[in-house]
Amino acid sequence: QLHLVESGGGLVQPGGSLRLSCAASGSALGVYAIGWFRQAPGKEREGISCISSRGGTTTNYADSVKGRFTISRDNAKNTVYLQMNSLKPEDTAVYYCAADLSTESICVMFPFVYNNWGQGTQVTVSS
């Protein structure tokens with residue numbers, strides 16, 4: 001069965017960058033759509049980005065991160081990553097990746113769709 005592990009979180013100053021990784025084991029990540037989600041204290045878990053399975057031809061971003069974050073996948077490495085640039089304090093949250101056995105050319109950012117979740121990695125943006 002699929003197991004996901006996020007990494008790459010940490011403390012960064014506003015305007016800085018981080019790259020999060022979502023490494024899979026137990027199954028080939030290429031057959032899954034992958035979503036990135038985050039949850040800040042007192043807030044609901046929100047979808048921030050997703051990438052479709054296989055070639056990753058479809059990507060989606062929340063308005064709050066559009067133009068700053070980039071999702072990509074490397075199926076040979078069984079890894080999806082999220083490049084986060086121009087970070088803001090409001091980006092502070094625990095970030096999760098999740099996998100869904102979905103149609104090849106689509107992805108969505110609704111948490112209920114996803115079946116497999118990582119443990120999360122903390123991102124803190126502070127001056």
Side-chain angles (χ1 to χ4, degrees):
Q1 60 192 34
L2 184 68
H3 181 64
L4 303 176
V5 177
E6 301 96 333
S7 63
L11 176 65
V12 65
Q13 293 181 323
S17 298
L18 286 173
R19 189 179 74 169
L20 305 184
S21 297
C22 177
S25 61
S27 187
L29 196 60
V31 302
Y32 295 89
I34 301 296
W36 282 99
F37 301 82
R38 67 187 182 189
Q39 188 164 21
K43 298 288 187 179
E44 295 291 324
R45 188 169 298 187
E46 62 172 335
I48 55 172
S49 187
C50 66
I51 186 166
S52 59
S53 62
R54 302 293 183 183
T57 56
T58 299
T59 58
N60 291 300
Y61 299 91
D63 288 342
S64 59
V65 306
K66 194 177 302 178
R68 300 188 297 121
F69 291 10
T70 303
I71 191 170
S72 62
R73 66 190 305 150
D74 187 338
N75 293 334
K77 295 181 178 179
N78 234 23
T79 300
V80 170
Y81 70 88
L82 183 69
Q83 179 67 45
M84 306 188 297
N85 298 325
S86 302
L87 284 162
K88 305 174 181 179
E90 52 262 44
D91 295 318
T92 296
V94 177
Y95 283 70
Y96 301 87
C97 67
D100 173 47
L101 284 170
S102 66
T103 302
E104 196 170 300
S105 60
I106 65 169
C107 72
V108 297
M109 295 186 291
F110 303 119
F112 77 89
V113 171
Y114 290 83
N115 309 115
N116 302 94
W117 291 81
Q119 84 291 342
T121 185
Q122 177 71 48
V123 172
T124 302
V125 184
S126 177
S127 59

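When reading the values below, keep in mind they use all heavy atoms of this one structure, side chains included, and skip hydrogens, waters and symmetry mates.
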Discussion item. Just by distance, no angles: are the side chains of Ser49 and Tyr61 close enough, under 3.5 Å, to form a donor-acceptor pair?
Written reply: no
Worksheet item: CG of Leu29 to OG of Ser53: how many Å apart, nearest 0.5 Å?
Response: 9.5 Å
Item to complete: Start with the C-alpha gap between Ile34 and Ile51, add the side-chain angles, then the distance that decides, and say whether side-chain contact (heavy atoms from CB on, under 4.5 Å) holds.
Response: CA-CA 5 Å; Ile34 301 296; Ile51 186 166; 4.0 Å; yes
Discussion item. Taking Cys107's backbone N and O only, do any of them form a donor-acceptor pair with Thr58's side chain (distance below 3.5 Å, no angle check)?
Written reply: no
Fill in: salt bridge (Lys or Arg N to Asp or Glu O under 4.0 Å) contacts in which one or both residues fall within residues 75-88, not counting sequence neighbours
none
Side-chain donor-acceptor pairs of residues 4-16 under 3.5 Å, sequence neighbours excluded:
from : atom 1 : to     : atom 2 : distance (Å)
Glu6 : OE1    : Gln119 : N      : 2.8
Glu6 : OE1    : Gly120 : N      : 2.8
Glu6 : OE2    : Cys97  : N      : 2.7
Glu6 : OE2    : Gly120 : N      : 3.4

Fill in: Closest non-hydrogen atom pair, Ser105 against Ser52
C-CB, 3.9 Å
Fill in: Donor-acceptor contact present, side-chain Tyr114 to main-chain Val108, <3.5 Å
yes
Fill in: Step-by-step ring pair (Phe, Tyr, Trp, His ring centres under 6.0 Å) determination, Phe37 to Trp117
CA-CA 10 Å; Phe37 301 82; Trp117 291 81; 4.9 Å; yes
Worksheet, complete the sentence: Applying salt bridge (Lys or Arg N to Asp or Glu O under 4.0 Å) to Arg68 and not counting sequence neighbours gives Asp91
Worksheet entry | Cys22 to Trp36 - nearest heavy-atom pair and separation | CB-CZ2, 3.6 Å
Practice prompt. Can you measure from OG (Ser72) to OH (Tyr81) and round to the nearest 0.5 angstrom?
Written response: 3.0 Å
Practice prompt. Check for a donor-acceptor pair, side chain of Asn60 on one end and backbone N or O of Cys50 on the other, with a separation under 3.5 Å.
Written response: no
Item to complete: Report yes or no: does Asp74 contribute a side-chain atom to a donor-acceptor pair with the main-chain N or O of Thr79 at less than 3.5 Å?
Response: no
Worksheet, complete the sentence: For Asn115 and Asp100, the nearest pair of non-hydrogen atoms, with its separation, is OD1-OD1, 3.4 Å
Worksheet item: Which atoms form the tightest heavy-atom contact between Ala62 and Gly47, and what is the distance?
Response: CB-O, 3.6 Å
Worksheet item: Quick one: salt bridge (Lys or Arg N to Asp or Glu O under 4.0 Å) pairs with a partner in residues 40-58, sequence neighbours left out?
Response: Arg38-Glu46
Item to complete: Measure across Val80 and Arg73 and return the closest heavy-atom pair with its distance rounded to 0.1 Å.
Response: CG2-CB, 3.6 Å
Practice prompt. With rounding to the nearest 0.5 Å, note down the distance linking CD1 in Ile71 to CD1 in Ile48.
Written response: 8.0 Å
Worksheet, complete the sentence: Residue pairs meeting salt bridge (Lys or Arg N to Asp or Glu O under 4.0 Å), one or both in residues 9-19, sequence neighbours left out, come to none
Worksheet item: With hydrophobic residues grouped by side-chain heavy-atom distances under 4.5 Å, do Tyr96 and Phe112 end up in a single group?
Response: yes
Worksheet, complete the sentence: Paired with Tyr95, the side chain to side chain contact (heavy atoms under 4.5 Å, CB included) test is passed by just one of Met84, Gln39, Gln122, namely Met84
Discussion item. For residues Met109 and Ile106: do they belong to one hydrophobic cluster (side chain heavy atoms under 4.5 Å, members Ile, Leu, Val, Met, Phe, Trp, Tyr)?
Written reply: no
Worksheet item: Between Phe69 and Leu87, is a side-chain contact (heavy atoms from CB on, under 4.5 Å) present by the stated rule, with each step listed?
Response: CA-CA 9 Å; Phe69 291 10; Leu87 284 162; 3.8 Å; yes
Discussion item. Applying side-chain hydrogen bond (donor to acceptor under 3.5 Å, both in side chains), can you list everything that pairs with Ser27, at least two apart in sequence or on another chain?
Written reply: none
